[in-house]
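All remarks here apply to the structure that follows.
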Amino acid sequence: MRALILPCLLACLSLALPTERAQATEFKNVLVTDVSKDQISIRSNYSGETLLLFGAIDTQPYGEADGVVVVLRGPAQNITLRKKNKQFGIWVNGPAYRLGDLPSFYAVASSRPVAELLPSARRAELGIGADVLKASNLDAKVDAEREAIEAFLRLKQQANLFAAQSDAVEIIRGKLFRAEINLPAGMPVGRYTTEFFAFKGGALIGYQTGELPVDIVGAGHILHEAAYNMSLLYGIFGVALAVFMGWGVAIIFRRS
Amino acid sequence: MTLIGMGGLVGFMSGMFGVGGGFLMTPLLIFIGVPPAVAVASEANQIVASSVSGGLAYWQRRAIDIPMGLILMSGGLAGSYSGVQLFKLLRAMGQVDLLISLSYVVFLGVIGALMLRESIQVIIAARRGRPVQARRPGQHSWILRLPFRMRFRRSKLYISVIPPIVIGYFVGTLSAIMGVGGGFIMVPAMIYILRMPTNVVIGTSLFQIIFVTASVTIFHAVENQTVDIVLAALLMIGGVIGAQLGARVGLRLRGEQLRALLALIVLGVGVKLLLDLVNQPDELFSLTRMGTGG
């Protein structure tokens with residue numbers, strides 16, 4: 001009897017998860033998790049890397065989990081999508097769609113296809129899967145919204161900023177799991193969040209979340225900061241560098 | 001590495017043909033996927049380096065008309081400011097890429113066609129063994145007799161300052177929008193409209209380009225944050241080395257054949273940009289970031 005009630009109870013509890021994730025600690029959390037790095041440093045020669053996310057599943061309370069899902073999410077952005085249309089024989093940017101609160105980076109790794117683990121309504125609540133992401137529509141142009149979001153997903157996937165891998169979480173003897181998420185060279189900077197989910201019978205039995213800062217470091221960091229926060233100085237520096245190089249080269253080649 | 005290579009290639013061509021590389025480099029950067037707005041602003045930064053390098057040689061030969069350069073520059077600075085403002089406005093409307101492409105299609109088309117016609121005429125005339133007459137275009141003297149006349153000793157001119165200011169303004173605007181020095185407009189304008197002697201034209205043009213592209217760089221950095229110093233520095237390295245090598249090769253080739261070749265390259269780039277506008281793109285949507293959301 002108890003075994004039957006618990007998943008139901010958990011399902012009810014976890015309904016509140018997307019808004020109040022703190023409640024996740026109220027049930028017996030079966031997950032202990034960690035990430036191979038506690039921050040990502042992007043240097044000028046950064047060419048991407050593979051992030052390892054791993055953990056242990058406590059099989060004592062509920063037995064083995066049906067599936068484990070790991071989500072890495074970049075900071076939310078407001079974006080403008082523009083659709084080209086043909087005017088006077090050439091393709092020009094036409095209508096613009098402004099979409100809010102969409103993640104700049106989004107990767108889902110799971111032990112099975114997420115659609116097999118959960119119905120899409122539930123996935124939407126938990127934010128699992130790019131196909132169920134909701135944008136706050138800043139213009140309220142509802143009719144065009146779906147097409148725009150699909151285009152957004154397509155563009156992000158092409159840039160390797162959105163990825164879903166249904167076999168990227170490996171569960172070892174039901175107790176340990178590891179997931180690999182590929183980070184591309186051009187990843188946006190900011191505070192990323194990691195989320196780990198364990199499911200049994202469609203109910204959430206384990207949840208952990210953490211932060212992963214992604215920052216540009218070294219000389220690139222100084223330039224990046226300067227370009228946005230001290231743009232006048234940055235521009236003057238660009239010109240000074242150019243004058244210096246032009247002058248230097250003229251002198252070098254005159255001697256030879 | 002690719003960027004240094006491209007800088008080298010375009011630098012080689014600009015050294016060989018004796019033109020600034022901006023109007024070839026910016027489209028090339030766009031073709032390899034650099035956002036047009038970044039390509040324009042960073043290329044302006046690179047041109048500062050190449051025009052300093054080239055301008056120094058003319059300075060030492062005293063082939064710069066400095067008062068004329070300063071007057072062109074004053075128009076150019078105003079032009080670059082309004083160009084950057086226009087750029088910023090259209091960027092907010094999502095139409096700046098279109099403005100850049102269209103400007104290039106028009107200018108590359110017109111200039112490529114004119115150069116090709118001129119060089120073919122010279123080649124044909126040379127084959128027939130006839131000497132080529134330098135065409136004296138019609139008089140524009142009423143323009144030069146406008147008020148505010150000034151004496152330019154090195155150019156041996158006594159003309160109104162209005163036409164150089166207007167020309168400078170126009171070229172400065174182009175510089176801001178297209179990421180070019182504008183020598184390809186400035187030099188003919190100085191010869192045919194201002195009637196400056198050819199020996200001071202290139203030096204004076206380079207002189208004012210230094211200041212105009214420097215101001216374009218700073219205005220773009222402040223208003224649009226589109227200057228990528230790393231990109232510009234890579235282009236500078238490639239560009240200056242290429243320019244020196246190109247200049248040596250260029251000395252061994254015939255002028256009119258060089259110009260015909262350059263004209264074909266210019267037309268080719270213009271046609272490619274036009275096709276990109278006319279053909280249906282694979283992806284109709286484009287994405288711009290507006291800032292960090294909640």
Side-chain angles (χ1 to χ4, degrees), chain A residues 44 75-86 89-94 96-98 100-102 104 136 138 147-148 150-152 154-156 158-159 188 190 219-220 223 226-228 231-239 241-254 256, chain B residues 41-42 44-57 60 93-95 97-98 101-102 105 210 213-215 217-230 232-233 236-237 240-241 243-244 274 276-281 283-294:
Chain A
S44 53
Q77 289 178 340
N78 295 337
I79 52 121
T80 305
L81 266 173
R82 289 197 173 82
K83 189 181 183 184
K84 285 198 166 69
N85 56 19
K86 199 161 191 172
I90 58 172
W91 288 88
V92 300
N93 276 336
Y97 308 100
R98 300 192 306 132
D101 293 333
L102 284 165
S104 51
S136 53
L138 302 178
E147 188 195 21
E150 276 163 14
F152 169 78
R154 197 165 60 237
L155 289 166
K156 282 289 193 180
Q158 280 163 9
L223 281 181
Y228 289 94
S231 51
L232 178 63
L233 211 62
Y234 178 87
I236 292 170
F237 175 71
V239 170
L241 181 74
V243 171
F244 177 74
M245 277 179 102
W247 198 322
V249 164
I251 289 167
I252 290 167
F253 276 88
R254 198 156 309 136
S256 63
Chain B
S42 306
N45 192 0
Q46 189 222 328
I47 295 171
V48 178
S50 55
S51 44
V52 166
S53 178
L56 275 175
Q60 280 162 347
M93 289 162 58
Q95 300 298 356
D97 296 1
L98 178 71
S101 290
L102 280 179
V105 168
I210 295 171
T213 50
S215 76
T217 306
I218 292 171
F219 288 144
H220 271 304
V222 171
E223 297 287 345
N224 298 314
Q225 282 93 40
T226 42
V227 178
D228 185 334
I229 288 183
V230 178
M236 287 174 208
I237 294 169
V240 290
I241 296 170
Q244 299 290 340
L274 182 63
D276 287 349
L277 284 176
V278 172
N279 290 338
Q280 175 159 9
E283 177 61 65
L284 289 179
F285 281 92
S286 61
L287 195 59
T288 334
R289 226 191 117 169
M290 290 192 299
T292 313

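Bear in mind the structure is a predicted one, so any value in this text is a computation, not a measurement. In what follows, chains are A, B, ... by sequence order, proteins preceding strands, each numbered from 1.
Formation of a donor-acceptor pair under 3.5 Å by the B/Gln225 side chain with backbone atoms of A/Ser231 is not found in this model. In this structure, A/Tyr234 contributes its side chain and B/Val222 its backbone to no donor-acceptor pair below 3.5 Å.
Among A/Asn85, A/Val243, A/Leu233, the residue making the largest number of heavy-atom pairs under 4.5 Å with chain B is A/Val243. The greatest number of non-hydrogen atom pairs below 4.5 Å with chain A, out of B/Val227, B/Ile47, B/Leu274, is found for B/Val227. Ranked by heavy-atom pairs under 4.5 Å with chain A, the first of B/Glu223, B/Met93, B/His220 is B/Met93.
B/Leu98 has its side chain out of reach of A/Asn93: every pair of non-hydrogen atoms, C-beta onward, lies at least 4.5 Å apart. The shortest distance between side-chain heavy atoms of A/Ile251 and B/Leu56 does not fall below 4.5 Å.
Minimum interatomic distance between A/Gly235 and B/Ala221 (heavy atoms only, all atoms of both residues): CA-CB, 3.6 Å. Here the shortest heavy-atom pairing between A/Gly246 and B/Val52 reads C-CG1, 4.0 Å. Here the shortest heavy-atom pairing between A/Leu241 and B/Ala233 reads CD2-CB, 4.0 Å.
If you measure heavy-atom distances from A/Ile236 to chain B, the contacts under 4.5 Å come from both the backbone and the side chain. With a 4.5 Å cut-off on non-hydrogen atoms, B/Leu277 touches chain A through its backbone and its side chain both. For B/Ala232, no part lies near chain A; criterion is any non-hydrogen pair under 4.5 Å. For a residue to count as touching a neighbouring chain, one of its non-hydrogen atoms must lie under 4.5 Å from one of that chain's; by this rule B/Ile237 touches chain A with backbone and side chain alike.
Residue A/Trp247 qualifies as open at atom CH2: its count of foreign heavy atoms under 6.0 Å is 12 or below.
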